[in-house]
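By convention here, the first residue in the shown sequence is residue 1.
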Amino acid sequence: MLTFDHGPLNLFDQAMFDAVVDNVADLTANPPRAVLLRSEGKVNSAGVDVHVFDGLSAQQGADLWRQLFEDIAHPIEALPCPVIYAAHGLTLTAAFEISLACDIILAGPRAKFGLVEIVVGLTPSMGGPQRLAERAGSGRARELVMTGDLYDALTLKEWGVVNAVHDDVDTAAKALTERLADGPTVAHAATKKIVQAWRSGGIAHADEITSDVSGALFETEDLRGAVQSFLTNGPGKATYSGK
């Protein structure tokens with residue numbers, strides 16, 4: 001579990017970014033069977049501390065975004081396990097973009113989301129627009145980014161951005177994380193590889209890599225143990241080692 005707990009607003013100042021980078025590096029080095037991203041406090045995050053942007057040159061700005069892709073967004077997406085994001089309150093800018101790098105987004109009924117970078121003359125640059133376009137369509141992505149409005153959890157569920165809305169999102173997210181962690185970890189990683197292939201090259205590219213990615217599962221302890229337990233004990237008896 002990765003918990004954001006950095007003051008009442010959970011602002012992404014440099015210290016927060018550095019801590020997230022370190023934690024994501026730890027997850028990459030020692031991947032769990034599933035991981036939950038959540039926040040303490042009233043809000044998930046009120047966004048980025050604008051001091052981070054003050055006085056940057058064009059090159060420094062480009063370097064900042066490149067680092068955040070390389071050290072946060074892409075490693076989260078590349079984790080070989082399910083990644084769940086739980087939003088119980090206001091989720092702005094960097095926090096929203098991080099959630100979009102996760103596999104599943106769960107939200108509480110009072111959660112609100114926004115990419116509000118227009119207030120300082122920016123566009124979201126940690127991958128938000130393109131990942132919103134993937135989930136909700138390019139028209140919705142442009143609307144959300146260009147207006148800078150806040151959108152509630154139910155609206156984003158209708159758009160396909162949020163997977164589910166729960167009254168007690170923390171409990172629901174922890175239960176889902178535990179459920180996925182008890183499943184076939186290697187198969188989950190294969191699913192992510194196939195979806196990533198589709199994202200980068202469409203259905204044809206995903207089809208090209210599926211045979212090898214899925215075929216490799218037949219030599220895993222997960223599949224062999226689950227098949228034997230199914231044949232011996234019947235449905236619902238499968239066990240997974242994650243190896």
message = Evaluate Leu68 against Phe12 for side-chain contact (heavy atoms from CB on, under 4.5 Å), listing each step before the verdict.
response = CA-CA 12 Å; Leu68 295 178; Phe12 278 77; over 6 Å; no
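- Of all non-hydrogen atoms in Ala46 and Leu92, the two that sit nearest each other are O-CD1, 3.5 Å.
- Between Glu97 and Pro129, some side-chain heavy-atom pair lies under the 4.5 Å cut-off.
- The distance from the CG atom of Asp103 to the CG atom of Asn163 is 9.0 Å, given to the nearest 0.5 Å.
- Nearest heavy-atom pair across Ser45 and Asn10 is OG-O, 2.8 Å.
- There is no path of hydrophobic side-chain contacts, each under 4.5 Å, that joins Leu156 to Ile104.
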message = Could you go through Val161 and Phe96, starting from their C-alpha distance and side-chain angles, then the distance that decides it, and tell me whether this counts as side-chain contact (heavy atoms from CB on, under 4.5 Å)?
response = CA-CA 11 Å; Val161 177; Phe96 190 8; 4.2 Å; yes
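- Under a 3.5 Å cut-off, the side chain of His88 and the backbone N or O of Gly41 do form a donor-acceptor pair.
- Between the CZ atom in Phe69 and the CD1 atom in Ile72 there is a gap of 11.0 Å [rounded to 0.5 Å].
- Between the side chains of Asp63 and Gln67, no donor-acceptor pair is found at a separation under 3.5 Å.
- Residue Glu117 comes nearest to Thr93 through the heavy atom pair OE2-CB, 3.3 Å, listed as atom of the first residue, atom of the second, then distance.
- Between Ala86 and Asn44 the shortest heavy-atom distance is O-ND2, 3.0 Å.
- A 6.0 Å sphere centred on CZ of Arg135 holds more than 12 heavy atoms belonging to other residues, nucleotides or ligands.
- Ile105 has its side chain within reach of Leu100: a pair of non-hydrogen atoms, C-beta onward, lies under 4.5 Å apart.
- Atom NZ of Lys112 is surrounded by 12 or fewer heavy atoms from other residues, nucleotides or ligands within 6.0 Å.
- Between Leu217 and Asp222, every side-chain heavy-atom pair lies at or beyond the 4.5 Å cut-off.
- Annotation for Ala181 and Arg33: closest pair O-NE, 2.5 Å, computed over non-hydrogen atoms.
- Counting only distance, with no hydrogens or angles, the side chain of Thr191 and the backbone of Ala187 share a donor-acceptor pair below 3.5 Å.
- Looking at Leu223 and Pro184, their side chains never come closer than 4.5 Å, going by heavy atoms from C-beta outward.
- At a threshold of 4.5 Å between side-chain heavy atoms, the hydrophobic network of Ile, Leu, Val, Met, Phe, Trp and Tyr places Val20 and Leu37 in one connected group.
- Atom CG in Asp182 sits 9.0 Å away from atom CG in Leu180 (nearest 0.5 Å).
- Side-chain contact between Arg224 and Glu219 is present, with heavy atoms from C-beta onward closer than 4.5 Å.
- Distance check, rounded to the nearest 0.5 Å: CG of Leu9 to CG of Asp49 gives 10.0 Å.
- In this structure, Met126 CE and Arg131 CZ are separated by 9.0 Å, a value rounded to the nearest 0.5 Å.
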request  = Decide yes or no on side-chain contact (heavy atoms from CB on, under 4.5 Å) for Asp71 and Val24, but give the supporting numbers first.
outcome  = CA-CA 7 Å; Asp71 293 344; Val24 170; over 6 Å; no
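- A chain of hydrophobic side-chain contacts below 4.5 Å, direct or via other Ile, Leu, Val, Met, Phe, Trp or Tyr residues, connects Tyr85 to Val35.
- Both Ile98 and Val21 are members of a single hydrophobic cluster when ILVMFWY side chains are connected at heavy-atom separations under 4.5 Å.
- To the nearest 0.5 Å, atoms CD1 (Ile84) and OG (Ser99) are separated by 13.0 Å.
- No donor-acceptor distance shorter than 3.5 angstrom exists from the side chain of Ser200 to the backbone of Trp198, with no hydrogens or angles considered.
- No more than 12 heavy atoms of other residues, nucleotides or ligands lie within 6.0 Å of CZ in Arg179, so this atom counts as exposed by the packing criterion.
- Using a cutoff of 4.0 Å between basic side-chain nitrogens and carboxylate oxygens, Glu143 and Arg140 are scored as salt-bridged.
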message = Does Glu221 form a side-chain contact (heavy atoms from CB on, under 4.5 Å) with Val186? I'd like the steps, not just the answer.
response = CA-CA 9 Å; Glu221 291 181 27; Val186 187; over 6 Å; no
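- The backbone N or O of Val195 sits nowhere less than 3.5 Å from a side-chain atom of Arg199 that would complete a donor-acceptor pair.
- For the side-chain contact (heavy atoms from CB on, under 4.5 Å) criterion with Lys174, the lone passing option out of Val169, Asp168, Leu36 is Leu36.
- Between Phe17 and Trp65, the ring centre distance reaches or exceeds 6.0 Å.
- For Leu231, the CG atom counts as densely surrounded, since its 6.0 Å shell holds more than 12 non-hydrogen atoms of other residues, nucleotides or ligands.
- For the pair Leu79 and Thr28, the minimum side-chain heavy-atom distance is below 4.5 Å.
- No donor-acceptor distance shorter than 3.5 angstrom exists from the side chain of Lys192 to the backbone of Ala78, with no hydrogens or angles considered.
- Cluster annotation: Val43 is not connected to Met16 through the hydrophobic network of ILVMFWY side chains, with a link wherever side-chain heavy atoms come within less than 4.5 Å.
- Tyr151 places none of its side-chain heavy atoms less than 4.5 Å from the side chain of Val162.
- Here the shortest heavy-atom pairing between Ala189 and Pro80 reads CB-O, 3.6 Å.
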